[in-house]
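Working notes, beginning with the structure itself.
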Amino acid sequence: MTIEHQNIENLFTRADGAYVFARWGRPIVPVVFGVDDASLAVFKGAIEAVVTLASHQMAETDPELGANLMIFFCREWDELPQVPHLDQLVPDLAPLVQKLKQADANQYRIFRFDEAGAICAAFVFLRMDEHMAAVAADTLALSQAVQTILLWSDRAFTDQSPLALVADKAVLRPEIADVIRAAYDPVMPAAARDASHALRLAARVRPPS
């Protein structure tokens, strides 16, 4: 199935009504903290698969941060301020931790942008509560990879996951994959704040085969 223009626009329209789109403007260099080697391999594999889908690039190091996609696992949000130098990477870390605790959140993402508005870094925080712990590692990894490859709306996937189950295995929904491919078309801008951008994306989504 193809995805309608209005649905594409909704994926990047925030709760306040603003249309905000951004993709990565530099190669992605992921690092994952707080998991074992097996889970680390699963996460890096999922990120590589989504980056390949987007026809984007990965690299061994980022010239500014070393790694520019940082994923942190914790059991309690209070663990985050104990991570060395994290408060230097994430402004207002202590108030953020209090906000996450009050909301009983189990995940949070922060993006940084370059002068052109493209994503230059992302920080992903995952608290392994009982709901998160019940999710298979490959499903969790693919979900996070998808949600960091673009700056989606804060409500993009509140009603429907970007993933679907096929033969008990989580896969990326085809229409979301199409949007990711279109978003990384070289002729498209790295960032946009006008909803007409969604029309250009819709024009690049492949027709049904």
Side-chain angles (χ1 to χ4, degrees), residues 3 11-12 21-62 65-75 80 83 86 89-90 105-112 118-185 190 205-206:
I3 184 168
L11 289 172
F12 303 103
F21 165 89
R23 70 186 187 196
W24 284 82
R26 61 177 66 185
I28 296 174
V29 185
V31 63
V32 186
F33 300 95
V35 297
D36 57 25
D37 289 346
S39 297
L40 175 62
V42 170
F43 263 80
K44 290 200 170 181
I47 293 166
E48 184 173 3
V50 174
V51 169
T52 300
L53 167 73
S55 298
H56 193 53
Q57 300 85 37
M58 294 178 69
E60 291 297 321
T61 186
D62 177 76
L65 292 172
N68 56 26
L69 172 53
M70 302 185 189
I71 302 172
F72 298 86
F73 280 82
C74 64
R75 294 200 174 276
L80 293 183
V83 177
L86 184 59
L89 294 172
V90 180
N106 60 14
Q107 57 182 299
Y108 191 74
R109 283 171 290 277
I110 299 173
F111 291 87
R112 278 191 188 171
I119 301 169
C120 63
F123 305 91
V124 180
F125 304 105
L126 302 172
R127 180 173 69 89
M128 296 304 289
D129 63 3
E130 59 182 16
H131 302 291
M132 193 74 77
V135 179
D138 56 347
T139 301
L140 182 59
L142 182 57
S143 174
Q144 296 303 321
V146 170
Q147 292 184 79
T148 52
I149 194 67
L150 292 171
L151 180 67
W152 305 95
S153 161
D154 51 348
R155 57 184 184 180
F157 303 119
T158 52
D159 295 329
Q160 186 176 26
S161 167
L163 309 184
L165 279 178
V166 176
D168 293 328
K169 182 175 177 59
V171 298
L172 180 57
R173 283 167 39 209
E175 63 271 28
I176 299 301
D178 287 344
V179 172
I180 293 171
R181 288 192 196 93
Y184 277 85
D185 186 315
V205 169
R206 67 184 182 187

In the structure I gave you, are the side-chain heavy atoms of [X] and [Y] within less than 4.5 Å of one another anywhere?
{"X": "V51", "Y": "I47", "value": "yes"}
{"X": "R181", "Y": "L53", "value": "yes"}
{"X": "L69", "Y": "V31", "value": "no"}
{"X": "W24", "Y": "L150", "value": "no"}
{"X": "L140", "Y": "F43", "value": "yes"}
{"X": "I176", "Y": "F157", "value": "yes"}
{"X": "F12", "Y": "V179", "value": "yes"}
{"X": "F73", "Y": "V124", "value": "no"}

[atom2] on [Y] to [atom1] on [X], rounded to 0.5 Å:
{"X": "L80", "Y": "F72", "atom1": "CG", "atom2": "CZ", "value": "8.0 Å"}
{"X": "L165", "Y": "R173", "atom1": "CG", "atom2": "CZ", "value": "12.5 Å"}
{"X": "I119", "Y": "T148", "atom1": "CD1", "atom2": "OG1", "value": "8.0 Å"}
{"X": "Y108", "Y": "F123", "atom1": "OH", "atom2": "CZ", "value": "12.5 Å"}
{"X": "K44", "Y": "M58", "atom1": "NZ", "atom2": "CE", "value": "7.0 Å"}
{"X": "C74", "Y": "L126", "atom1": "SG", "atom2": "CG", "value": "8.0 Å"}

Within the supplied structure, the quantity of interest is the number of heavy atoms (other residues, nucleotides, ligands) at a distance under 6.0 Å from [X] [atom1]; does it exceed 12?
{"X": "Q57", "atom1": "CD", "answer": "yes"}
{"X": "D36", "atom1": "CG", "answer": "yes"}
{"X": "R75", "atom1": "CZ", "answer": "no"}

Short side-chain to backbone donor-acceptor contact, [X] and [Y], under 3.5 Å:
{"X": "R112", "Y": "L89", "answer": "yes"}
{"X": "S39", "Y": "V35", "answer": "no"}
{"X": "N68", "Y": "P27", "answer": "yes"}

Closest approach of [X] to [Y] (non-hydrogen atoms, all atoms of both residues):
{"X": "N106", "Y": "M132", "value": "O-CE, 3.0 Å"}
{"X": "M128", "Y": "A133", "value": "CE-CA, 3.7 Å"}
{"X": "F125", "Y": "I110", "value": "CE1-CD1, 3.9 Å"}
{"X": "A170", "Y": "T139", "value": "CB-OG1, 3.4 Å"}
{"X": "R23", "Y": "D185", "value": "NH1-O, 3.0 Å"}
{"X": "L172", "Y": "P162", "value": "CD1-O, 3.4 Å"}

Q107 and R127 side chains, donor-acceptor separation under 3.5 Å: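 Absent: no donor and acceptor within the cut-off.
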Compute whether any side-chain donor of one residue and acceptor of the other, for S143 and Q147, lie under 3.5 angstrom apart.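 Result is yes, a qualifying pair exists.
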Where does the angle between the aromatic ring planes of Y184 and H56 fall among parallel (under 30°), tilted (30 to 60°) and perpendicular (over 60°)? tilted
